[in-house]
Amino acid sequence: MDITISLPDGSQKTLPQGSTALDAAKSIGAGLARAAFAAKINGHLCDITTPLTDGATLAIVTYKDKEGPKILRHTAAHILASAVKRLYPKAILEDGPATDTGFFYDIMLPEAVSPEAFPAIEAEMEKIVAEASPLVRKELSREEALALFDGRGERFKIETIESLGEDDVISIYEMGDFVDLCRGPHLQSTEGVKAIKIMNVAGAYRKGDATREQLVRFHAVAFPDKKLLKEYLTLLEEAKKRDHRRIGQDLDLFSFQDEAPGFPFFHAKGSILYNTLLAFMREELDKRDYTEIRTPMILNKDLWLRSGHWDHYRENMYFTEIDERDFAVKPMNCPGGLLVYKNGMHSYRELPIRAAEFGMVHRHEMSGVLHGLFRVRCFTQDDAHVFCTTDQLQAEVENIIDLVLHVYNTVGFKDVAIELSTRPANSIGSDEIWELATETLKKALEHHEIKYQLNPGDGAFYGPKIDFHVKDCLGRTWQCGTIQADFSMPERFDLTYVGDDGEKHRPVMIHRAIFGSIERFLGILIEHYAGNFPLWLAPVQVRVLSLSSDLLDTAADIAAQLKAAGLRVETDVRDEKIGAKIREAEMMKIPVMLIVGKKEAAEGKVSVRRHGKGDQGALTLAEAIATLKEESASRKQ
RNA sequence: GCUGAAGUGGCUCAGUUGGCAGAGCAGCGCAUUCGUAAUGCGCAGGUCGUGGGUUCGAGUCCCACCUUCAGCUCCA
């Protein structure tokens, strides 16, 4: 008797009874069979050697599929654990999951390990790969499993088995002399893992619980071929070169001081970047009829009680006392914005009200999570609160989506991923309101014909949200913008507007940020451009280099004309050779060098050199200024 | 907050078993007046993260704290 299965392209295939997913892959093509990591049978991920049943749907999973890398990494985790067990027989294994970039394995070791031990472990892993041991799945009864791991001294595995529910299937994977409790699926054989590298070790508590045993966590990466490992290592190196903390110091953009941990200091050049970004944003807000407000940094306890922050966000807030009354430093801008709305009566004719605020917020982040500009204790949000009627919600969201995409495009992010997050478990508000809000956000996205990913249950407790992720030039993604519909705050603060019926109505509120945190966004931009900013953003746009010291006045005059044209300019008239001056300007990543020697001075010209591009030939000063002014004003990439 | 590592001129780093704190770059001065990524010579610059302790003597050994880094955790 034959069985018939359907494939992802809708076609059907007939195979002999007892065929496995691998047999199906082979019948499609030898290449696919070789590349096959696992199978998805009726949507369920399992080993490629799993037998097929009649009528099943089958998808072959390879490295290129979403699930592929994780399967390989998981198998690599078993290889790592096996190698460590061979070298340290007393090691006790905890758990070794795959992560987004690699995998780790938490292991209790009788002795400390340092990176010096990595080569030995890696050599052992290579041996295991060379042994090409098959990974064999077995399902055991609870008693069999307990006996097996007891015999191997794996007391953590025993605890894990004991914590499993009655109905859970207990499966193990054998791999040569190694065996691990594991759900799978796995590669057929260790030889599929062509490259593994241990990246570092760090301490980690069992189950992340500080009261439990301290384990060693081996972080590692794995790839199906050595070239991919090399590419990954190159990417890491490139990321390290672009580290915004390094560039921030080299280009004198910002710093951190012991006196204020987690609170960034923006230097003169960093402030230019900051202000240039804000000026651009203000220009765009003005075009879209936003108003801008400013609310205080410190507000009293009553407000935070009313907003809910006192109950839900207190651990992250800073407090102070004024005239024996409790105050808090704002961690968010919305309560202040609500007070501004509430300050007067509003007619439906005024709506929508789009109130932007570049508000500096302070949040107490734990010391261990601080990370350059990416994670700070004080930052400025490019916040805005839109108050509108339910009918206006969709148009407002569309307007914001349009703004977000335009802003990202202009600053250099062409690739933007969007997620829609819907109602979470512990939410407030009625079903109808959630339904309406979620549908409205969906419609707004569909209006833009934008592809988005749905994250069911990932919304805020007060409303659904749209999140924007930008992809930088290394392919890393960063969550920046967010649009959140909020029916809760208007309720809590009793916001109203007077409708055309003369009655009071409740407006809807939208919270929205585009950069998110300006500080963090600057960090992302610095890494994206590796400090080589486009002209419009560069802190110093032009440096005028004199060839000899008798041209000091000429250089000063050129600089004055550039400045008068609105360009940010410096001069270098030091008694140095031109090569040295060029080198320094190049290292400071200044986009344009204008070099003036006797020849140029006589003709009223400047020799133009672009950062990273070399000599561009001579132009008259007027031509050069016109070109640069246009390039800067148009925010050219 | 937890685990581990680190902290020496503005920057990058050296400093042996405890025995007079060093280099390069940057800065300043002088010479040089130079054509597209480093001109030469000289000078100055440090309470070795902070506070205790051990010692005849501490950058070095011990303790506490601060900050940073890699993770964890937390937050989304």
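Reminder, nothing fancy here: chain letters follow the sequence lines and each chain counts from 1. The model shown is predicted, which means the values in this text are computed figures rather than measured ones.
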Which whole-number value in Å describes the distance from A:Glu576 CD to B:U33 C1'?
12 Å

In whole angstroms, the gap separating P of B:C75 from NZ of A:Lys465 amounts to 13 Å

Could you tell me how far apart A:Leu370 (CG) and B:U73 (P) are, to the nearest whole angstrom?
17 Å

How long is the line joining CZ of A:Phe104 and P of B:G71, in whole Å?
12 Å

Least distance between heavy atoms, A:Asn333 atom then A:His385 atom
C-CE1, 4.0 Å

Here the distance between atom C1' of B:C72 and atom CG of A:Asp106, to the nearest Å, is 9 Å

Any base atoms under 4.0 Å from A:Gly579, or only sugar-phosphate, or nothing? Heavy atoms, all strands.
sugar-phosphate

Expressed as a whole number of Å, how far does the P atom of B:G18 sit from that of B:C62?
11 Å

Please give the distance between the P atoms of B:G10 and B:C48 as a whole number of Å.
13 Å

Could you check if a side-chain atom of A:Ile526 sits within less than 4.5 angstrom of a side-chain atom of A:Phe533, using non-hydrogen atoms only?
yes

Please give the distance between the C1' atoms of B:U39 and B:U33 as a whole number of Å.
11 Å

So, is A:Ser548 close to the B:C34 phosphate, meaning a side-chain N or O under 4.0 Å from OP1 or OP2?
no

Listed nucleotide nearest any side-chain atom of A:Ala580, set B:G1, B:U39, B:U67
B:U39

A:Phe103/A:His74 aromatic ring centres below 6.0 Å:
no

Pick the P atom in B:A21 and in B:G9, then give their distance to the nearest Å.
16 Å

Take atom C1' in B:G59 and the same atom in B:G46, then report the distance between them in whole Å.
11 Å

By nearest atom, which of the nucleotides B:C72, B:U68, B:C34 is closest to the A:Pro261 side chain?
B:U68

Find the partner of B:G9: check Watson-Crick (N1-N3 plus N6-O4 or O6-N4) and G-U wobble (N1-O2, O6-N3) distances, both under 3.5 Å, and reply none if neither fits.
none

Classify the nucleic acid contact of A:Ile582 as base, sugar-phosphate or nothing, counting any heavy atom under 4.0 Å across all strands shown.
base

Looking only at side-chain N and O atoms, does A:Arg217 come under 4.0 Å of OP1 or OP2 in B:A70?
no

Please determine if a side-chain N or O atom of A:His371 lies less than 4.0 Å away from the OP1 or OP2 oxygen of B:A70.
yes

Closest-nucleotide mapping onto RNA chain B: is A:Glu584 or A:Lys581 further toward the 5' terminus? I mean the 5' end.
A:Glu584

Looking only at side-chain N and O atoms, does A:Arg610 come under 4.0 Å of OP1 or OP2 in B:U36?
no

What nucleotide among B:A76, B:A37, B:G1 has an atom nearest to a side-chain atom of A:Val369?
B:G1

Measure from CZ on A:Arg574 to P on B:A31 and round the result to the nearest Å.
17 Å

Of the nucleotides B:U36, B:C69, B:G1, which has the atom closest to the A:Arg245 side chain?
B:C69

Taking atom P in both B:U16 and B:G53, what distance in whole Å separates the two?
25 Å

So, do A:Tyr462 and A:His511 have ring centers that fall under 6.0 Å from each other?
yes

For B:C28 versus B:G45, give the span between their P atoms, rounded off to a whole number of Å.
16 Å

Derivation and outcome, ring-ring contact (aromatic ring centres under 6.0 Å, His included), residues A:His267 and A:Phe254:
CA-CA 5 Å; A:His267 298 191; A:Phe254 60 86; 7.7 Å; no

Aromatic centroids of A:Phe266 and A:Tyr274 separated by under 6.0 Å:
yes

Taking the side chain of A:Lys577 as its heavy atoms from C-beta onward, which of B:U39, B:C74, B:A70 lies nearest to it?
B:U39

Hey, does the side chain of A:Arg363 come within less than 4.0 Å of B:C74's phosphate (OP1/OP2), counting only N and O?
no

Can you tell me the base-pairing partner of B:A64? Count Watson-Crick or G-U wobble geometry only, both distances below 3.5 Å, and say none if there is no partner.
B:U50

Phosphate contact (B:U12 OP1 or OP2) by A:Gln249 side-chain N/O below 4.0 Å:
yes

Per A:Leu547 side chain, nearest of listed nucleotides B:U36, B:G35, B:G1
B:G35

Of the nucleotides B:G35, B:G71, B:U36, which one has an atom closest to the side chain of A:His219?
B:G71

What is the distance, to the nearest angstrom, from the CG atom on A:Asp258 to the C1' atom on B:U67?
4 Å

Tell me the partner of B:G29, counting only Watson-Crick (N1-N3 plus N6-O4 or O6-N4) or G-U wobble (N1-O2 and O6-N3) with both under 3.5 Å; none if nothing fits.
B:C41

Regarding A:Thr422 and A:Lys465, do their side chains bring together a donor and an acceptor under 3.5 Å, going by distance alone?
no

Interatomic distance at P, B:A64 relative to B:C72, whole Å
26 Å

Side chain of A:Arg583 only, heavy atoms from C-beta on: which candidate in B:U39, B:A38, B:C74 is closest?
B:A38

Which residue lies toward the 5' end of RNA chain B, A:Tyr313 or A:Asp250, if each is placed at its nearest nucleotide?
A:Asp250

Can you tell me the pairing partner of B:U3 across any strand shown, Watson-Crick or G-U wobble, with both distances under 3.5 angstrom?
B:A70

Can you tell me how far P of B:U67 sits from CD of A:Glu365, to the nearest Å?
15 Å

Qualifying residue for ring-ring contact (aromatic ring centres under 6.0 Å, His included) with A:Trp478, from A:Phe521, A:Phe374, A:Phe413:
A:Phe374

Should B:G18 form a Watson-Crick or G-U wobble pair with both distances under 3.5 Å, which nucleotide is its partner?
none

